[in-house]
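Worksheet for the structure shown next.
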Number of protein chains: 2
Amino acid sequence: MNAAEKVTSPHAADVLRELHAYRAAEEAMRRRTRNSMKMGENDLAALRFLLRAQGQGRVVTPGMLADHLGMKSASVTVMLDRLTKSGHLTRGAHPTDRRSIAVSATSGSDDEVRATLGEMHRRMLGVASHLDQDGSEIVRRFLLDLATAADGVATA
Amino acid sequence: MNAAEKVTSPHAADVLRELHAYRAAEEAMRRRTRNSMKMGENDLAALRFLLRAQGQGRVVTPGMLADHLGMKSASVTVMLDRLTKSGHLTRGAHPTDRRSIAVSATSGSDDEVRATLGEMHRRMLGVASHLDQDGSEIVRRFLLDLATAADGVATA
DNA sequence: CACTCGTTACTAGTTCGCCTAGGTTTGGGC
DNA sequence: GCCCAAACCTAGGCGAACTAGTAACGAGTG
């Protein structure tokens, strides 16, 4: 038995505290954004998904949004009604499948999202850039282990 | 101009990807837990808050829960009705203020939460323990910078 | 003591968002 | 040409949070 297994480092708790503080800060920031845009969680996630896909020239259908957000297609329909009414997106004809529909974000919505989440992403990229090669390797390993730990927790 | 400012490290994007993966994993784990307990986001957060305070011998009132969860006191009342009905907590007399109420978690609810979130916490502590002193310093700095970045994003 | 004002929690009624169930149009294999 | 599956929409219901208004109590003041 080596020391790392048996004794929890005195710094471990500090690291978790810092992790928790970060999560709280990010969550608060997302809530501010949602309040500012007067939207729910899924509405904003849908817009982000849409803008990212649009940036890669991919067509987005309501069904794809349902899969990505984990909601039923009927709920997506209502969400699209909502976001269309608020001027954030439009429904268009699907290029190949006439049963389906092509959803696209309006330019205004694009600007609005970029102004907040884009800024956030830039800042985070800046933070990550300050890591040297060893540092980024350590952080990546840490995050990977955390994700693995979360995945491994049984639902009981 | 130094390289770290001008050129974003090729690893920076990888770190952010890993961060996103971790967030997704943790979120999924929390959702599994909530589904397993048949509770909403706030219900579980309230229980955690309650258990933590109880462990420190502090009395929790509905008003404190409202502040901590960011909801209105009326909504807390209904939530307490819900959680009382499901056997997760009880309302008792407040020791000093007879307008108020002392909320306390049942032992069954204690066990239930510990079985899942406690397990998660142990695993995370294990991951953090594998960092040496330099490593934990690097990670903490990284997380602190991220939190600062999130805090600094204006709502526009 | 009597009054007043703020605090604390609750009740009633509304809103918002997601779900289930069922219907309509189109795609694609036989 | 037929039939089943796929994709979206409509209708109705439910859960959870909000607003507004009520009742009981605490604390300070004349």
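Only this structure's heavy atoms are used, side chains among them; waters, hydrogens and symmetry mates stay out. Here the structure is a predicted model, which means the values were calculated and not measured.
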State, with a plain yes or no, whether a side-chain heavy atom of [X] is found less than 4.5 Å away from one of [Y].
X        : Y        : result
A:Leu69  : A:Phe49  : no
B:Met124 : A:Leu146 : yes
A:Ser36  : A:Thr116 : no
B:Arg140 : B:Leu143 : no

Report task. Kindly state each residue pair satisfying side chain to side chain donor-acceptor pair (under 3.5 Å) with at least one member in residues 73-82 of chain A, sequence neighbours excluded. Result ->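 Every pair satisfying side chain to side chain donor-acceptor pair (under 3.5 Å) with a residue in residues 73-82 of chain A: A:Asp43-A:Arg82, A:Asp81-A:Arg91.
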
Requested in this report: Mind listing the residues from residues 89-105 of chain B sitting with a heavy atom below 4.0 Å of DNA chain C? Number order is fine.
Outcome: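 Those residues whose heavy atoms fall under 4.0 Å from DNA chain C, taken from residues 89-105 of chain B in numerical order, are B:Arg91, B:Arg99, B:Ser100, B:Ile101.
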
Query raised in the report: By a strict heavy-atom criterion of less than 4.0 Å, which residues belonging to residues 60-71 of chain B are in contact with DNA chain C?
Result: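 Heavy-atom cutoff 4.0 Å gives B:Thr61, B:Pro62, B:Gly63.
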
Query raised in the report: Earliest and latest nucleotide of DNA chain D, 5' to 3', sitting under 4.0 Å from a non-hydrogen atom of chain A?
Result: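 Listed 5' to 3', the contact boundaries are D:dA6 to D:dT10.
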
Requested in this report: Please list, chain by chain and in numerical order, all residues satisfying salt bridge (charged side-chain N to carboxylate O under 4.0 Å, His left out) with A:Arg23, sequence neighbours excluded.
Outcome: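 A:Arg23 satisfies salt bridge (charged side-chain N to carboxylate O under 4.0 Å, His left out) with A:Glu27, B:Glu26 once adjacent residues are dropped.
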
Requested in this report: Enter the distance from B:Glu41:CD to B:Arg31:CZ here, rounded to the nearest 0.5 Å.
Outcome: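 The CZ atom of B:Arg31 is 10.5 Å from CD of B:Glu41, to the nearest 0.5 Å.
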
Query raised in the report: If you group Ile, Leu, Val, Met, Phe, Trp and Tyr by side-chain heavy-atom gaps below 4.5 Å, do A:Leu144 and B:Leu19 land in one group?
Result: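 Different clusters: A:Leu144 never reaches B:Leu19 through Ile, Leu, Val, Met, Phe, Trp or Tyr contacts under 4.5 Å.
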
Query raised in the report: Can you give the first and last nucleotides of DNA chain C, 5' to 3', that have an atom under 4.0 Å from a heavy atom of chain B?
Result: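 Endpoints of the contacted stretch of DNA chain C: C:dG6 to C:dT11.
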
